[in-house]
Amino acid sequence: MHDYQQKFIEFAIRRNVLRFGDFTLKSGRTSPYFFNAGLFNTGEDLLHLSKAYAAALERSGLNYDILFGPAYKGIPLATVTAMALAEGGNSKPFAFNRKEKKDHGEGGNIVGAPLQGKVLIVDDVITAGTAIRESIDLIRAAGAEPAGVLIALDRQERGNGELSAIQEVESEFDIPVVSIIRLEQVLSYLEANTGFSEHAVKVASYRERYGV
Ligand SMILES: O=P(O)(O)OC[C@H]1O[C@H](OP(=O)(O)OP(=O)(O)O)[C@H](O)[C@@H]1O
Ligand SMILES: O=C(O)c1cc(=O)[nH]c(=O)[nH]1
């Protein structure tokens, strides 16, 4: 695990973004841990988070034209990532969607720059891959193509079959998925640090059941 990854895990635990307990996921699975990016909820958190996203993206060397944040939590993530990239001299257009279509004013369900060219999806986590597939449908419907996905945490879970949801997305759409941290690193952190052993056991057994 790189130092920046350990620091990111500690940042997420400190801000209660990475929590332990019983959580029902969008996929219906019951998970002993949850990553709630909505709790990065101060200006300082966002500043720190935006730098971690932008650094992961720059490290990946991924080629893209525009950032796209899926509603809802992807919206501030794409926004602050675009700002951090611009601060490093790499200004890109960005857009996001509304969950409900707006039928007055400017109408439609895409806000921001037109979805054109290679679109990078920015979100918090991938579990079963539903949110990413929905985003790819929106991107293709606009006549653009997905370039890749940038997330904070790869939960390393099976999707519909034996592959991880991320592997399915990568092979089905031929795009890379870049994450700041993966579950295996969270688990190593829990196992190596006192006070987390009970959580480590539960997370390990969840990973046995749903992990890849
Ligand atoms: O890979 P999946 O199984 O789709 O799960 C992950 C998605 O679920 C959550 O979003 P949610 O749809 O709950 O919406 P929110 O951003 O409005 O909280 C999360 O922010 C991801 O987008
Ligand atoms: O699968 C989900 O619904 C999910 C998992 C997680 O860790 N965080 C989140 O916001 N959603």
Side-chain angles (χ1 to χ4, degrees), residues 5 8-9 11-13 15-41 45-46 49 52-53 67-81 94-102 109-112 119-139 146 148-161 163-173 175-187 189-190 199-200 202-207 209-212:
Q5 291 173 318
F8 190 79
I9 291 169
F11 172 47
I13 290 176
R15 299 301 291 126
N16 225 10
V17 165
L18 181 56
R19 291 164 62 192
F20 304 95
D22 278 324
F23 303 94
T24 303
L25 305 184
K26 185 171 177 168
S27 56
R29 294 174 189 170
T30 302
S31 168
Y33 78 100
F34 195 74
F35 187 90
N36 177 10
L39 289 174
F40 286 128
N41 58 13
D45 288 346
L46 291 176
L49 184 66
Y53 268 83
L67 303 170
F68 175 75
Y72 289 99
K73 290 200 290 283
I75 298 174
L77 296 173
T79 309
V80 298
T81 301
F94 102 100
F96 60 88
N97 67 304
R98 301 178 196 281
K99 280 202 177 177
E100 298 82 25
K101 193 164 184 243
K102 180 170 169 176
N109 65 351
I110 304 293
V111 186
V119 183
L120 175 73
I121 301 164
V122 185
D123 206 353
D124 51 358
V125 297
I126 291 182
T127 304
T130 313
I132 295 306
R133 285 194 167 77
E134 287 165 2
S135 296
I136 291 175
D137 287 347
L138 283 173
I139 290 165
V149 182
L150 174 65
I151 50 171
L153 170 65
D154 173 356
R155 293 182 53 105
Q156 296 185 287
E157 288 186 34
R158 279 201 303 279
N160 300 318
L163 292 180
S164 78
I166 287 191
Q167 288 163 338
E168 282 175 3
V169 166
E170 286 181 326
S171 70
E172 191 177 333
F173 304 106
I175 54 172
V177 176
V178 175
S179 67
I180 303 171
I181 51 170
R182 296 188 300 276
L183 179 63
E184 62 194 329
Q185 293 155 346
V186 173
L187 193 50
Y189 181 86
L190 298 177
H199 302 316
K202 289 185 180 163
V203 172
S205 102
Y206 180 82
R207 184 154 159 70
R209 177 156 185 206
Y210 294 112
V212 285

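Both counts, for ligands and for their atoms, begin at 1 and track the order of listing. Note that the coordinates shown come from a computational prediction; the quantities given were computed from them, not determined experimentally.
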What atoms of ligand 1 come closer than 4.0 angstrom to any heavy atom of Tyr72? 15 (P), 16 (O), 17 (O)
Note: ligand 2 atoms sitting under 4.0 Å from heavy atoms of Val125 are 4 (C), 5 (C), 6 (C), 8 (N), 9 (C), 11 (N)
Taking C-beta and beyond as the side chain, do Phe40 and Phe11 meet within less than 4.5 Å on heavy atoms? yes
Classify the contact between Arg29 and ligand 2 as side chain, backbone, both or neither, using a heavy-atom distance cut-off of under 4.0 Å. neither
CD/Glu172 to CD/Gln167 distance, rounded to the nearest 0.5 angstrom? 13.0 Å
Below 4.5 Å, heavy atoms only, C-beta onward: do Tyr189 and Ile181 meet side chain to side chain? no
Under a 3.5 Å cutoff, is there a donor and acceptor pairing between the side chains of Arg29 and Thr24? no
Please examine the side chains of Ile75 and Val111, heavy atoms only from C-beta on, and report whether any two atoms are closer than 4.5 Å. no
Logged contact type for Asp124 with ligand 2, heavy-atom cut-off 4.0 Å, is side chain
Is Leu183 close to Asp154 at the side-chain level, that is, under 4.5 Å between some pair of heavy atoms? no
Counting C-beta onward and ignoring hydrogens, is there a side-chain heavy-atom pair between Phe96 and Ile110 closer than 4.5 Å? no
Close-contact set for ligand 1 against Ala131 heavy atoms, below 4.0 Å: 4 (O), 7 (C), 22 (O)
Tell me whether Lys73 has any N or O atom under 3.5 angstrom from an N or O of ligand 1. yes
Run the numbers for me: atoms of ligand 2, each under 4.0 Å from some heavy atom of Lys73, listed by number. 10 (O)
Measuring to protein heavy atoms, does anything land under 4.0 Å from atom 6 (C) of ligand 1? yes
With a 4.5 Å heavy-atom cut-off, do Tyr206 and Glu157 have their side chains touching? yes
Of the protein's non-hydrogen atoms, which lies at the shortest distance from atom 8 (N) of ligand 2, and what is that distance? Phe35 O, 2.7 Å
Looking only at protein heavy atoms, which one is nearest to atom 4 (C) of ligand 2, and what is the separation? Phe34 CE1, 3.5 Å
Minimum heavy-atom separation for Ile151 and Val149, please, with both atom names. CG2-CG1, 3.9 Å
Nearest heavy-atom neighbours spanning Arg158 and Arg209: NH2-O, 2.9 Å
Any non-hydrogen side-chain atom of Arg15 less than 4.5 Å from a side-chain atom of Asp45? yes
For ligand 1, which atoms, with element, lie under 4.0 Å from some heavy atom of Lys99? 12 (O), 14 (O), 15 (P), 17 (O)
Any idea which protein heavy atom is nearest atom 3 (O) of ligand 2, and the distance to it? Lys26 N, 2.9 Å
Which is closest to atom 19 (C) of ligand 1 by heavy-atom distance: Ile132, Thr130, Asp124? Asp124
To the nearest 0.1 Å, how far is atom 2 (C) of ligand 2 from its closest protein heavy atom, and which atom is that? Thr127 OG1, 3.5 Å
Where is the nearest protein heavy atom to atom 3 (O) of ligand 1: which residue, which atom, and how far? Ala128 N, 3.0 Å
A student checking ligand 2 against Arg155 at a 4.0 Å heavy-atom cut-off should list atoms 5 (C), 6 (C), 7 (O)
Decide yes or no for Tyr53 and Leu77: does some side-chain heavy atom of the first lie under 4.5 Å from some side-chain heavy atom of the second? yes
Close N or O approach (Val125, ligand 1; < 3.5 Å): no
side-chain contact (heavy atoms from CB on, under 4.5 Å) with Val177: of Ile166, Ile132, Ile121, only one passes, and it is Ile166
Give me the residue, atom name and distance of the protein heavy atom closest to atom 13 (O) of ligand 1. Lys26 CD, 4.2 Å
Gly129: numbered ligand 1 atoms lying under 4.0 Å from its heavy atoms: 1 (O), 2 (P), 3 (O)
Polar contact flag for Ile126 and ligand 1 (N/O pairs, less than 3.5 Å): no
Please identify which atoms of ligand 1 are closer than 4.0 Å to at least one heavy atom of Asp123. 20 (O), 21 (C), 22 (O)
